[in-house]
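Here's the structure we're looking at; comments come further down.
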Number of protein chains: 2
Amino acid sequence: MSDAVSAMDGTSITVAGRLALAIHEHRLPPGTKLIEDEVGEIFGVSRTVVRSALQQLAHDRLVTMQKNRGAHVAQPTIREAREVFEARSLLEPRTARSAAARSTPTDIARLQAHIDEEHLAIHAGDSGRALRLSGLFHVEIARIADQDTIAAFIAQLVARSSLIIALYWQKRTALCESHAHDALLRALADGKAGLAEDLMKGHLLDLVSSLDLRGAAAAPTSLKDALRP
Amino acid sequence: MSDAVSAMDGTSITVAGRLALAIHEHRLPPGTKLIEDEVGEIFGVSRTVVRSALQQLAHDRLVTMQKNRGAHVAQPTIREAREVFEARSLLEPRTARSAAARSTPTDIARLQAHIDEEHLAIHAGDSGRALRLSGLFHVEIARIADQDTIAAFIAQLVARSSLIIALYWQKRTALCESHAHDALLRALADGKAGLAEDLMKGHLLDLVSSLDLRGAAAAPTSLKDALRP
DNA sequence: GTGCGCAAGACTGTATACAACTTTGTGTTC
DNA sequence: GAACACAAAGTTGTATACAGTCTTGCGCAC
């Protein structure tokens, strides 16, 4: 346990981290207005710090800021959703391949522990935590590939994916996709680079196809489009 | 001409843009200390705005900020340099492929105009501007591919590449690589997706091999490593 | 009753003020 | 003369204050 975020002083990184965590775990739904005074009071810091945190999140596209109109938890459009997964499909499969070629027993053990935690969270019914761990798994793979720059991109894309899932997930595919993670771990452990790449590619395709990205959807249509028919 | 950045009021986006431009054009060398009061006075804004701008740039890795020790123009390490070009090699070739498949005559005309400007800047001896335009070319291709998310990543990577070039470029390859851009444009215009992908891959490889990324280099070694032998 | 205009409230954008930290220069002691 | 301690200058971290903008609710005219 113990997120790197939890035990620090009131700096903006921490506030940003706490907010990001809440967004990632679907405790702050897309569209929620984030009032600076309010957030500041919750965390016991001034608006200065909150503002800095919100700007960081806006830079990661987890929050949108409009001049004089405040900050809201982002509502990725369908187009943006497609773009996010397009970017992931360019970055992650080949990164998984590199990871398979470089992974050490220590890496594999840590990944295994990570997967165990995922299962635990799922069985405990903590779907928010499960979702977040499931995303972190992808970042971990980039770390194993020893590519911090790519890992940072993937971390951002994973966070945005969490918002996309909140908006466009269709429940029918309730079976959590942790099987895919198990298979990936095995491919990494065995050093099967090509297989790891293919598995990751397939995993991402599965993810996209579990979303409803046909235009008619219900969620982010900002009031103007929502009230037509 | 007329950068989108130039004519605006004193918001932090503008300050960040102006600073980024200066970094991109090698007018602010890596390692330069950016004192908040000083920058604020130059742009006629308060430290609040400057701070916000610096944080944005830090998020893009153009600037490093250490607690209580201020902001400096970043000095990418050799490792980071490799990572940046690794990320580019994952994103750009396949994005060039998409662009070739989608490009319209309007796109091609705009790209051609862009390249003409590049040549102009080179012949005018304005190497800073030439460098920046040359980077923007890569972003434009992602825009033609209609992938704003990927374009944003590439924009960041291109900006960081500018710092990397400032640190590790070996002058001997003085011939500016605008031939590569010409060839790419032709591939896009002809809709030759596979060729565009290959050309981009080769172009990036050429770029990397024009750098001196052997560990012994002179530049970013922060004093501690610099004073060993 | 409907529509317009205006005023109050709420929130954001920016500047300024103060506290805390880091660095640098000076003086004292051994 | 060298090393340490301390003081002063400079810079950042955070809070607060004020100005500007958007929203909303009320009242007045038609």
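By convention in this document, chain letters (A, B, ...) are assigned in the order of the sequence lines, proteins followed by strands, and residues within each chain are numbered from 1. Source: prediction; values computed, not measured.
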Among the nucleotides C/dT14, D/dT12, D/dA15, which one has an atom lying closest to any side-chain atom of B/Val49? C/dT14
In chain order, what residues pass the side-chain contact (heavy atoms from CB on, under 4.5 Å) check against B/Thr104, with sequence neighbours excluded? B/Thr106, B/Asp107
Does the A/Ser161 side chain pair with the main chain of A/Leu157, one donor and one acceptor, at a distance under 3.5 Å? yes
Can you tell me how far P of C/dC21 sits from CE of B/Met65, to the nearest Å? 17 Å
Once ring-ring contact (aromatic ring centres under 6.0 Å, His included) is applied, what residue pairs with a partner in residues 48-73 of chain B remain, sequence neighbours excluded? A/His59-B/His59
Measure from CZ on B/Phe43 to C1' on C/dT14 and round the result to the nearest Å. 17 Å
Who passes ring-ring contact (aromatic ring centres under 6.0 Å, His included) against A/Phe85, sequence neighbours left out? none
Please report the distance, rounded to the nearest Å, between CZ in B/Arg51 and C1' in C/dG13. 17 Å
Can you tabulate the close N/O pairs, meaning under 3.5 Å, that link protein atoms to atoms of nucleotides 20-24 of chain D?
{"from": "D/dT23", "atom 1": "OP1", "to": "A/Arg69", "atom 2": "NE", "distance (Å)": "3.2"}
{"from": "D/dT23", "atom 1": "OP1", "to": "A/Arg69", "atom 2": "NH2", "distance (Å)": "2.3"}

Nearest whole Å is fine: how far is C/dT16 C1' from A/Arg47 CZ? 14 Å
What is the distance, to the nearest angstrom, from the CD atom on A/Glu36 to the C1' atom on D/dA17? 15 Å
Whole-Å gap separating P (C/dC21) and CD (B/Gln66): 17 Å
Would you classify B/Leu34 as touching base, sugar-phosphate or nothing, given that sugar-phosphate means primed atoms plus P, OP1 and OP2, and contacts are heavy atoms under 4.0 Å? sugar-phosphate
Sequence neighbours excluded, the answer for side-chain contact (heavy atoms from CB on, under 4.5 Å) partners of B/His26 is B/Leu131, B/Ser162, B/Ile165, B/Ala166
Side chain of B/Lys33, heavy atoms from C-beta onward: which of D/dA15, D/dT12, C/dT16 has the nearest atom to it? D/dT12
Would you say the ring centers of A/His114 and A/His119 fall short of 6.0 Å from each other? no
Can you tell me which residue pairs pass the salt bridge (charged side-chain N to carboxylate O under 4.0 Å, His left out) test with a partner in residues 144-153 of chain B, sequence neighbours excluded? A/Arg79-B/Asp146, A/Arg79-B/Asp148, B/Arg102-B/Asp146
A/Ser46 side chain N/O closer than 4.0 Å to the phosphate oxygens (OP1, OP2) of D/dA15? yes
Side chain of B/Ile35 - closest among D/dT14, D/dT11, C/dT14: D/dT11
